Amino acid sequence: MNVLLTGSAGFIGSHVAEALEAAGHHVRGLDTRPGARQDGTGPADVRDAAAVARLLAGADAVCHQAAKVGLGVDVADLPDYTSVNVQGTAVLLAEMARAGVTALVLASSMVVYGEGAYRCGTHGAVRPGPRPARDLDAGRFDPGCPRCGRTLEPGTVAEDVPPDPRNVYADTKLAQEHLAASWARATGGSAAALRYHNVYGPRMPRDTPYAGVAAIFRSRLLDGRAPLVFEDGAQRRDFVHVRDVARANVLALERIAAGPPGPGGLRPYNIASGEPRTVGDMAAALAGALGGPAPEVVGGYRLGDVRHIVARPDRARRELGFSPRVPFAEGMAEFARLPAGAAPAPPGRAAMAGAAPARDGRAGS
C-alpha cells in the first residue's frame with residue numbers, strides 16, 4: 001500500500017514508518033520537524049490543506065500519528081491543543097474525503113477513559129469522579145465509591161466503557177475519534193482508533209512536559225539522581241513497547257484495507273501489553289538496569305492524573321491478530337541502556353514531509 005503517515009518523524013511515528021517499510025509498504029511522511037522532507041519539499045503542517053492534498057495523491061490509506069500530547073501545562077495550552085489535534089484532524093479527514101482515501105488508522109489514547117474500571121464491594125461497577133485535592137493532600141490516592149465512599153477495587157478497561165476524558169489532551173483525542181467516526185459514516189470509509197496505553201522505548205523525548213514518566217525517570221538516573229515517584233507508587237498502568245505499538249499500526253492498516261474487522265465506521269482498540277505494572281515497578285526496573293539509585297516515593301501528585309488505568313486488549317488480539325512481543329523486563333532494560341541524550345531519529349528510508357507540531361510521545365504518569 002501507499003500510506004500517508006502523519007507525525008512520521010516523531011517518537012512513535014518514526015517506528016511506525018520503519019515497521020510499514022519492513023512490511024513492504026511505501027511510506028509518504030508528513031511532519032513539521034526541521035529536516036523532514038518529501039520529494040524535495042520542506043516540512044508541512046497537517047492543518048495545511050494544500051500540503052495534505054498534495055501528499056494524499058495516490059495514497060491508499062492514512063496512518064495519523066501527528067498530535068500535541070501530554071496533560072497540558074495550564075489553560076493557556078487549550079488553543080494549541082485544539083488547533084493541532086482537532087483542527088488538524090478535521091483538515092486531514094476533509095482532504096481524505098476529497099481524495100477518495102477510505103482507510104484510516106488513528107493514534108488515540110487510553111486517556112479517553114479517564115479513571116479506569118472500578119468495583120465497589122457494596123454497589124458493584126461504578127465510575128468515580130475526579131479525585132479531589134483534599135483527598136490527595138491527605139494521602140488518600142485510591143478513588144472512593146461515589147455512593148458510599150468505600151475504597152474501590154480497580155479492574156480492566158474494555159473498549160465499550162463510556163469515555164470520560166479528564167484533561168484537554170484527552171478531550172482532543174476523543175474529539176479526533178468522533179470526527180473520524182463522522183468521516184467514516186459520511187464516506188463509507190473504515191477507521192481503527194488505536195488507544196495506546198503507556199508507550200516507551202527508543203527515541204522517547206527527554207525532559208519535556210510531554211515526555212512519558214519512563215523518560216523522566218531515566219533522565220534522573222542518567223544524572224545520578226533517584227527517580228521521584230508521585231503518590232505511593234502503586235498506581236497501575238500498562239507499559240507497552242513502541243515496537244509493539246508500531247506493529248499494531250501495520251496490522252490495523254492491513255486489516256482495515258481488506259475490509260472492516262468489525263462493524264463499519266470507526267472501531268477502537270486497546271493497544272497494550274495486557275500485563276499491568278505499577279509506576280513503582282517501572283521506576284525500580286529502570287533503577288536496577290542502571291545500577292541505581294533506588295527510586296524515592298515522594299507522595300506528590302498532579303491534578304488531572306488518574307489512579308489506575310489498565311487495559312483489556314482482547315479485541316486487538318481477536319480482530320487484528322495483535323499480541324505484544326517485547327517483555328516488560330527486557331524492554332525496560334533496553335530503554336534504560338540507550339545512549340544518554342538519545343532523541344527522536346529519522347525513520348530509516350521513509351520519505352519525510354510535514355505535519356502537525358507533533359510531540360509524538362505519550363504522557364504516562
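Since the model is a prediction, treat every value here as computed from it, not as a measurement. Residues: numbered from 1 along the sequence shown.
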Would you tell me whether [X] and [Y] have side-chain atoms, one donor and one acceptor, within less than 3.5 Å of each other?
{"X": "Asn270", "Y": "Tyr113", "answer": "yes"}
{"X": "Asp137", "Y": "Tyr301", "answer": "yes"}
{"X": "His241", "Y": "Glu334", "answer": "yes"}
{"X": "His25", "Y": "Asn2", "answer": "no"}

Is any side-chain N of the basic residue among [X] and [Y] closer than 4.0 Å to the acidic one's carboxylate O?
{"X": "Arg267", "Y": "Glu159", "value": "no"}
{"X": "Arg140", "Y": "Asp142", "value": "no"}
{"X": "Arg203", "Y": "Glu18", "value": "yes"}
{"X": "Asp80", "Y": "Lys68", "value": "yes"}
{"X": "Asp314", "Y": "Arg317", "value": "yes"}

Do [X] and [Y] come within less than 4.5 Å of each other through their side chains, counting heavy atoms only?
{"X": "Asp244", "Y": "Arg247", "result": "yes"}
{"X": "Arg236", "Y": "Ile309", "result": "no"}
{"X": "Leu320", "Y": "Tyr269", "result": "yes"}
{"X": "Arg28", "Y": "Leu5", "result": "no"}
{"X": "Pro128", "Y": "Leu152", "result": "yes"}
{"X": "His15", "Y": "Arg243", "result": "yes"}
{"X": "Met96", "Y": "Val62", "result": "yes"}
{"X": "Pro202", "Y": "Met204", "result": "no"}

[atom1]/[X] to [atom2]/[Y] distance, rounded to the nearest 0.5 angstrom?
{"X": "Phe239", "Y": "Met282", "atom1": "CZ", "atom2": "CE", "value": "4.0 Å"}
{"X": "Glu296", "Y": "Arg225", "atom1": "CD", "atom2": "CZ", "value": "11.0 Å"}
{"X": "Glu231", "Y": "Thr278", "atom1": "CD", "atom2": "OG1", "value": "11.5 Å"}

Q. Where do Asn167 and Tyr81 land on the side-chain hydrogen bond (donor to acceptor under 3.5 Å, both in side chains) test, with the steps shown first?
A. CA-CA 11 Å; Asn167 56 65; Tyr81 274 87; over 6 Å; no

(Q) Checking Asp45 against Thr32 for the side-chain hydrogen bond (donor to acceptor under 3.5 Å, both in side chains) test, could you report, in this order, the C-alpha distance in whole Å, the side-chain angles of both residues, the deciding distance, and whether it holds? (A) CA-CA 6 Å; Asp45 192 300; Thr32 55; 5.8 Å; no

Salt bridge (Lys or Arg N to Asp or Glu O under 4.0 Å) partners of [X], counting only residues at least two apart:
{"X": "Glu254", "result": "none"}
{"X": "Asp60", "result": "none"}
{"X": "Glu153", "result": "none"}

Q. What pair of heavy atoms forms the shortest contact from Ala289 to Ala333, and how long is it?
A. CB-CA, 4.0 Å

Q) Looking only at heavy atoms, which two atoms of Val229 and Pro295 are closest? And how far apart? A) CG2-CB, 4.0 Å

Q. If two hydrophobic side chains count as joined below 4.5 Å and joins carry through other members, does Leu106 share a cluster with Leu56?
A. no

Q | Contacts of Asn85 that satisfy side chain to side chain donor-acceptor pair (under 3.5 Å) - sequence neighbours left out | A | Thr172

Q.
What verdict does the side-chain hydrogen bond (donor to acceptor under 3.5 Å, both in side chains) test give for Gln65 and Asn249, after you've listed the backbone C-alpha separation in whole Å, the side-chain angles of each residue and the deciding distance to 0.1 Å?
A. CA-CA 10 Å; Gln65 305 292 318; Asn249 276 270; 2.8 Å; yes

(Q) Tell me every residue that passes side-chain contact (heavy atoms from CB on, under 4.5 Å) with Ala97, counting only those two or more places apart in sequence or in another chain. (A)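 Per chain and number, Ala97 pairs via side-chain contact (heavy atoms from CB on, under 4.5 Å) with Trp183, Thr187.
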
Side-chain donor-acceptor distances from residues 114-122 under 3.5 Å, at least two apart:
from: Glu115; atom 1: OE1; to: Tyr118; atom 2: OH; distance (Å): 2.6
from: Glu115; atom 1: OE1; to: Arg307; atom 2: N; distance (Å): 3.2
from: Glu115; atom 1: OE2; to: Arg307; atom 2: N; distance (Å): 2.9
from: Tyr118; atom 1: OH; to: His308; atom 2: N; distance (Å): 3.2
from: Thr122; atom 1: OG1; to: Arg150; atom 2: NH1; distance (Å): 3.0

Q: Determine the sole option in Asp281, Leu286, Val326 for which the side chain to side chain contact (heavy atoms under 4.5 Å, CB included) test with Met332 is passed.
A: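 Looking at Asp281, Leu286, Val326, the match for Met332 under the side chain to side chain contact (heavy atoms under 4.5 Å, CB included) is Leu286.
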
